[in-house]
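Quick note: numbers below take in every heavy atom, side chains included, and nothing from hydrogens, waters or symmetry partners. None of the values given here were measured: they were computed from a predicted structure.
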Amino acid sequence: MNPPDASSVTTTRPIRGLARAVHLIAGLVALPFLLVSIVLAMALTHPAALHALSAAIYPSLPIPAAAPAGPVQPGSWDQALALANTAHGTPAHVITARNDHLVEIGAFDSHDHDPNARSVNPRTLYLIDTDSMRIVRVEDRHTSLFNQGHGIHAYRFFGLEWLSVSMISAVALLLLLVSGVWLARGARGGARPDDAGARRHVRAGQVLAVFIVLISLTTLDFEFLVFNRSGDATHPIPPVTPDGPIRPGSIDQARALAARAIGAVPQSVFIRGADELKFSQAGDGIGGSSVWVDAEHMRIKRITDWRNDPQALSFIIHDGRWLGGMNAFNIHDAAALGLLYLSLSGLRLAWLRRRRA
C-alpha cells in the first residue's frame, strides 16, 4: 500500500482538528440536555408506569361534588364526558381509556397543543370509573409525572419555538455523529491502539448511528414539519352503519361505528366538534388505525394509519413502538441506555485527554 500523500495529510489534520473540537464542544454543551432526554425517552414510552407512580407519589386534587345526570350507564363515554364537563365547568376535548373501566378526560383548553396556551394551561385530567360513573382522581401538570415529563421534553428556552430540550438534543446528536464518523476514519476515532475505552466508545457510536439519525430527524420533523401532512388521505371506507337511529353528537355511537370499520375498539377520541371526531386504536392517537367520524350524521370521513399519515409514521419511528410497543421494554429503551453509555464514556475520554495534555 502506498503511503498517504503529504499534502493529503496536511489537509486532513486541520479538518480532524475541527472535527475533534466540534465533537468535544457539542458533547460538553449538550451533555445535560442529552441526559435529560435519555431519561425522558425511557420514561415517556412507559405511561402506565408513570401514571401508577404519580398516583403513589401525589394525592388527588380535590374531587368536585358532581354526579351523572340520570341513571348510571356503565361504560358510556358520553356520560363520562358530561360528568367531567360539569365538574370542570368547561368542555373537554380528549378522552383516553386507561383500562377497561377507567378513562381519563382532559384538554379543557381547545388550543391545548399551542405552546403559548399550554404554558398557562394547568392540563387538568379527570379520571372516571365508567362502571360506577364516579370521579376517582383529579390531577394536573403539577401532580402528573407524565405531564411533567412532556413539559420538560418540549420546554422552550426564551420562548423560542426551535430552542427546546428535544431540539438541542437532536441537533447535538447529529453534530456528534458527523464529527465522530470523521474522527473514526482511518484513525479509530483518534484513539491509540491500546485505548480500549476509546475503541468501545467508537464501536457503540457505530452501533447506535441508525437510531441517532432516526431520533434526530423525526424530532426535526415535529418542529419544522419536514414531511407532507396529507389532510384528506384515507384507506377504503367499509360500508358500515350506526347501531339504531342516528344520535347526533353521540361519542358512544360514533365509537361503535369506528370499531366496526377497523375491527378494534378505539382507545381514545379527540373531539373537534360534532362534525369531526378522531378515534384512535391507540391511547395517544398515533398507533394503530385512526377513524375520522362526522358524528352529526354518523358518517366515516376517512381512515388513516402510518401507511398514509406521515406524522403517525414519524411518531412510531421516534418512540420505538415499531420495535417493541409502548409500556414494554423496546429496542429504543436499549438505544437510550446506549446513548447514556456514549455520553458518560465520552465525558470520561475528554477528561482523560485533558489529563494527558
Ion pair check, E139 and R137, cut-off under 4.0 Å: yes
CZ (R272) with more than 12 external heavy atoms under 6.0 Å: yes
Are any non-hydrogen side-chain atoms of R20 and W182 less than 4.5 angstrom apart? no
Pi-cation contact, W351 with R355 (under 6.0 Å, within 45°): yes
Sub-6.0 Å ring centroid separation between H88 and Y126: yes
For the residue pair H142 and R123, establish whether any side-chain heavy-atom pair is separated by less than 4.5 Å. no
Is there a donor-acceptor pair under 3.5 Å between the side chain of Q267 and the backbone N or O of A282? no
With a 6.0 Å cut-off on ring centres, are H93 and F270 close enough? no
Pairing donors with acceptors under 3.5 angstrom, does anything connect the side chains of H101 and T130? no
Say whether D333 and H46, considering side chains only, have a donor N or O and an acceptor N or O under 3.5 Å apart. yes
Is there a donor-acceptor pair under 3.5 Å between the side chain of D252 and the backbone N or O of W77? yes
Pairing donors with acceptors under 3.5 angstrom, does anything connect the side chains of H150 and N147? no
With side chains defined as the heavy atoms from C-beta onward, is the minimum distance between I63 and S60 less than 4.5 Å? yes
Any I251 side-chain heavy atom under 4.5 Å of F279 side chain: yes
Between V291 and I262, is there a side-chain heavy-atom distance shorter than 4.5 Å? yes
Check the side chains of T96 and S268 for a donor-acceptor pair under 3.5 angstrom, ignoring hydrogens and angles. no
Side-chain donor/acceptor of S250 to backbone N/O of R247, under 3.5 Å: no
Got L339 and L34 here, is their nearest side-chain heavy-atom distance under 4.5 Å? no
Are T124 and D140 close enough that a side-chain donor and a side-chain acceptor fall under 3.5 Å? no
